[in-house]
Every structure is written in structure tokens, then in C-alpha cells.
*Asks:* 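Sending over a structure as C-alpha cells; questions will come in a sec.
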Amino acid sequence: MFDLPETPLDKTALIGACARLPLSIDAARLRTEVEALPESLWETRGGRLGPHDAARAVFLRGYAPAEGRGKPVEDRDSLAHLPYARDIITQLLPAPPQRCLLARLPAGAMVPAHSDLGPYFLKTIRIHVPVITHENVWMYCDGRVFRMQAGEVWALNNVARHAVWNADATRARTHLICDYLPSPALLDLLARAERDLGAVDADVEKRLLAESTTSMA
């Protein structure tokens, strides 16, 4: 299906919890492109299970673990609607892309605390590009909460316990999420990334850690 590294990555050393890469994207262009997608594409979870029950997903490359075993990781038809997203996935990030999706978290919903385990997750680097977000979205990872803004590009240590809370009553949150095989250029970006941008928030942490699960692939 794809060639994973021989050994797991030390994501704590490479990323910490979350790290903001020295990259930027045209936030308005990406949002306009995503908002023009047919609403019918958002009708399912895209095969994602467990902690992702509340979220809707549109897979752009590959399949969710529950659906994709044995299937090649290649472009899906949905990516044809998103030429700028394709450029971000294949040109801006200097590494071989694996599974990529758009994830929409409805107003008031959360992805409970969980860790992504299994060879695929242990050996790929998870990148988040906020598409539609706001001040009431909390990304939690390894004891810290982060605010990821549109126009930014972040690496997430998804092996650590992480969660998301969209605390707004009316607005959804959408991220472009893509996994990459490590490359020298991507590892260099990680080495130059900004860390220590999270904060301790006991109230948010308590809410997000009320339930926990584990994702495997």
C-alpha cells in the first residue's frame, strides 16, 4: 500500500505536542474553495469511527482505517474540486502525502481525548491546516490547549492524547488534515517550527478528558 519507515518516529522530539510550521497559506482562497464543495459530500463520517462520531469528513486521498485496509493511498474524486488544496498537499508540504481529508466539527461538538496508535500513525506525521475556525475552538494535546488560526500550518503529535472542542453554539470548524511520510525537507521544517504555543487550561482539559478512546490502524 505504501512504504512506512522501518521504525516509529519519535514524535515528542520532532513535534512536542503541537508545532506551528514556518509556512503560510492563502486562507481566503482555501476557505472559498472548500465552501464551494457540494454539501452532499459532507453527509457521512467518511468511514471514521470511534472518537470521530460527531465529525463529518470528506476524504481527498486514501480511506479511513476501517475502509482502507489493502486499498492504495491515492487521490479521491473529491480532490478534483480543490485545486488549491491539492497544491498545499502536494507542493507546499515537502514530503510524500498519505491519507488526507477535510474534517468538519459541528457547532458544540467535540472529538474526545484519544491517541492514534498502530504502525501507520506511529510512522507518519500529522499536519493540520485550519480552513474555517474561530476563537471558541480548542485543540488539546498532551496537557496543553492550542488555538490554530486560518492561514497557519501545524504539526500535531497524534500519538499523544489529543482532543478537539468546538465550544461555539452556531459555527462549525473545518480543518484540512493530511499525513506525510517523513522527508529531510519536512523534518527541517519541524526543526524550525514554533513550539510552546499552548497553554494550560484546567477547565478545557477537564471537559475534554471526560471520555477517552484509542484509534488503531
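These numbers come from a predicted model, not from an experiment.
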*Asks:* Looking only at heavy atoms, which two atoms of Ala19 and Ala193 are closest? And how far apart?
*Replies:* CB-CB, 3.8 Å
*Asks:* Would one find more than 12 heavy atoms of other residues, nucleotides or ligands at under 6.0 Å from atom CG of Asp196?
*Replies:* no
*Asks:* Give, for atom CG of Leu30 and atom CD1 of Ile88, the distance between the pair rounded to the nearest 0.5 Å.
*Replies:* 4.5 Å
*Asks:* Once you measure the plane-to-plane angle for His114 and His162, does it fall in the parallel (<30°), tilted (30-60°) or perpendicular (>60°) bin?
*Replies:* tilted
*Asks:* Nearest 0.5 angstrom please: Asp142 CG to Arg161 CZ, how far?
*Replies:* 10.0 Å
*Asks:* Any chain of hydrophobic side-chain contacts (each under 4.5 Å) joining Leu176 to Leu189?
*Replies:* yes
*Asks:* Could you tell me whether the side chain of Leu117 reaches within less than 4.5 Å of the side chain of Val159, counting heavy atoms only?
*Replies:* yes
*Asks:* When you take the SG atom of each Cys, Cys18 and Cys141, is the space between them under 2.5 Å?
*Replies:* no
*Asks:* Donor-acceptor pair, distance only, cut-off 3.5 Å: does the side chain of Lys11 make one with the backbone of Leu122?
*Replies:* no
*Asks:* What's the shortest heavy-atom distance between Arg45 and Ala55, and which atoms?
*Replies:* CG-O, 3.2 Å
*Asks:* Is there a side-chain contact between Val200 and Arg144, using heavy atoms and a 4.5 Å cut-off?
*Replies:* yes
*Asks:* One thing to verify: whether Arg207 and Asp203 come together as a salt bridge, which I'm taking to mean a side-chain N less than 4.0 angstrom from a carboxylate O.
*Replies:* no
*Asks:* Looking at side-chain heavy atoms only, is the closest gap between Glu35 and Thr174 below 4.5 Å?
*Replies:* no
*Asks:* Could you state the interatomic distance from CG (Leu101) to CG (Leu79), rounded to the nearest 0.5 Å?
*Replies:* 12.0 Å
*Asks:* Quick one, Ile125 with Leu190, criterion side chain to side chain contact (heavy atoms under 4.5 Å, CB included). Give me CA distance, side-chain angles, the key distance, then yes/no.
*Replies:* CA-CA 10 Å; Ile125 296 169; Leu190 289 172; 3.7 Å; yes
*Asks:* I'd like to know if Leu41 and Leu60 are part of one continuous hydrophobic network [Ile/Leu/Val/Met/Phe/Trp/Tyr, side-chain heavy atoms within less than 4.5 Å].
*Replies:* yes
*Asks:* Just jot down the ring-ring contact (aromatic ring centres under 6.0 Å, His included) partners of His128, sequence neighbours excluded, or say none.
*Replies:* His175
*Asks:* Does any non-hydrogen side-chain atom of Leu23 lie less than 4.5 Å from one of Leu93?
*Replies:* yes
*Asks:* Heavy atoms, side chains only, cut-off 4.5 Å: are Glu152 and Glu194 in contact?
*Replies:* no
*Asks:* Minimum heavy-atom separation for Asn166 to Leu105, with atom names?
*Replies:* ND2-O, 3.1 Å
*Asks:* Find the distance between CG (Leu21) and CG (Leu186) and round it off to the nearest 0.5 Å.
*Replies:* 7.0 Å
*Asks:* Are Arg76 and Tyr63 in a cation-pi contact, defined as NZ or CZ under 6.0 Å from the six-membered ring centre and within 45° of the axis?
*Replies:* yes
*Asks:* Please tell me if the side chains of Val145 and Trp165 come closer than 4.5 Å, counting only heavy atoms from C-beta onward.
*Replies:* no
*Asks:* Does Val34 belong to the same Ile/Leu/Val/Met/Phe/Trp/Tyr cluster as Val58, with side-chain heavy atoms less than 4.5 Å apart forming each link?
*Replies:* yes
*Asks:* Which residue in the set Ile127, Val129, Leu197 passes side chain to side chain contact (heavy atoms under 4.5 Å, CB included) when paired with Trp154?
*Replies:* Leu197
*Asks:* Given side chain to side chain contact (heavy atoms under 4.5 Å, CB included), test Arg126 with Arg99 step by step and report yes or no.
*Replies:* CA-CA 10 Å; Arg126 171 66 53 88; Arg99 296 172 184 153; over 6 Å; no
*Asks:* Between atom CD1 of Ile177 and atom CD1 of Ile89, what is the distance when rounded to the nearest 0.5 Å?
*Replies:* 11.5 Å
*Asks:* Could you go through Leu102 and Leu82, starting from their C-alpha distance and side-chain angles, then the distance that decides it, and tell me whether this counts as side chain to side chain contact (heavy atoms under 4.5 Å, CB included)?
*Replies:* CA-CA 11 Å; Leu102 291 165; Leu82 304 163; 3.9 Å; yes
*Asks:* Rounded to the nearest 0.5 Å, what's the gap from CG on Leu181 to OG1 on Thr124? Could you check?
*Replies:* 7.5 Å
*Asks:* Looking only at non-hydrogen atoms, find the nearest pair between Leu92 and Pro94 and report the distance.
*Replies:* O-CD, 3.3 Å
*Asks:* Would you sort out whether Arg147 and Thr133 count as a side chain to side chain contact (heavy atoms under 4.5 Å, CB included), showing the intermediate values?
*Replies:* CA-CA 9 Å; Arg147 287 201 171 148; Thr133 190; over 6 Å; no
*Asks:* Using a 3.5 Å distance criterion without hydrogens, assess whether the side chain of Asn157 forms a donor-acceptor pair with backbone atoms of Gly16.
*Replies:* yes
*Asks:* Quick one: closest heavy-atom pair of Ser183 and Pro96, and the distance?
*Replies:* CB-CD, 4.4 Å
*Asks:* Test of understanding: clusters of I, L, V, M, F, W, Y form through side-chain heavy atoms closer than 4.5 Å, transitively. Do Tyr180 and Leu9 belong to the same one?
*Replies:* yes
*Asks:* Measure across Arg61 and Val73 and return the closest heavy-atom pair with its distance rounded to 0.1 Å.
*Replies:* NH2-O, 3.2 Å
*Asks:* Is it the case that the side chain of Tyr120 and the backbone of Pro65 share a donor-acceptor pair, with hydrogens and angles ignored and the cut-off at 3.5 Å?
*Replies:* no
*Asks:* For a 4.5 angstrom cut-off between non-hydrogen side-chain atoms, does Pro130 reach Gln149?
*Replies:* no
*Asks:* Are Trp138 and Tyr140 linked, directly or through other ILVMFWY residues, by side chains that come within less than 4.5 angstrom of each other?
*Replies:* yes
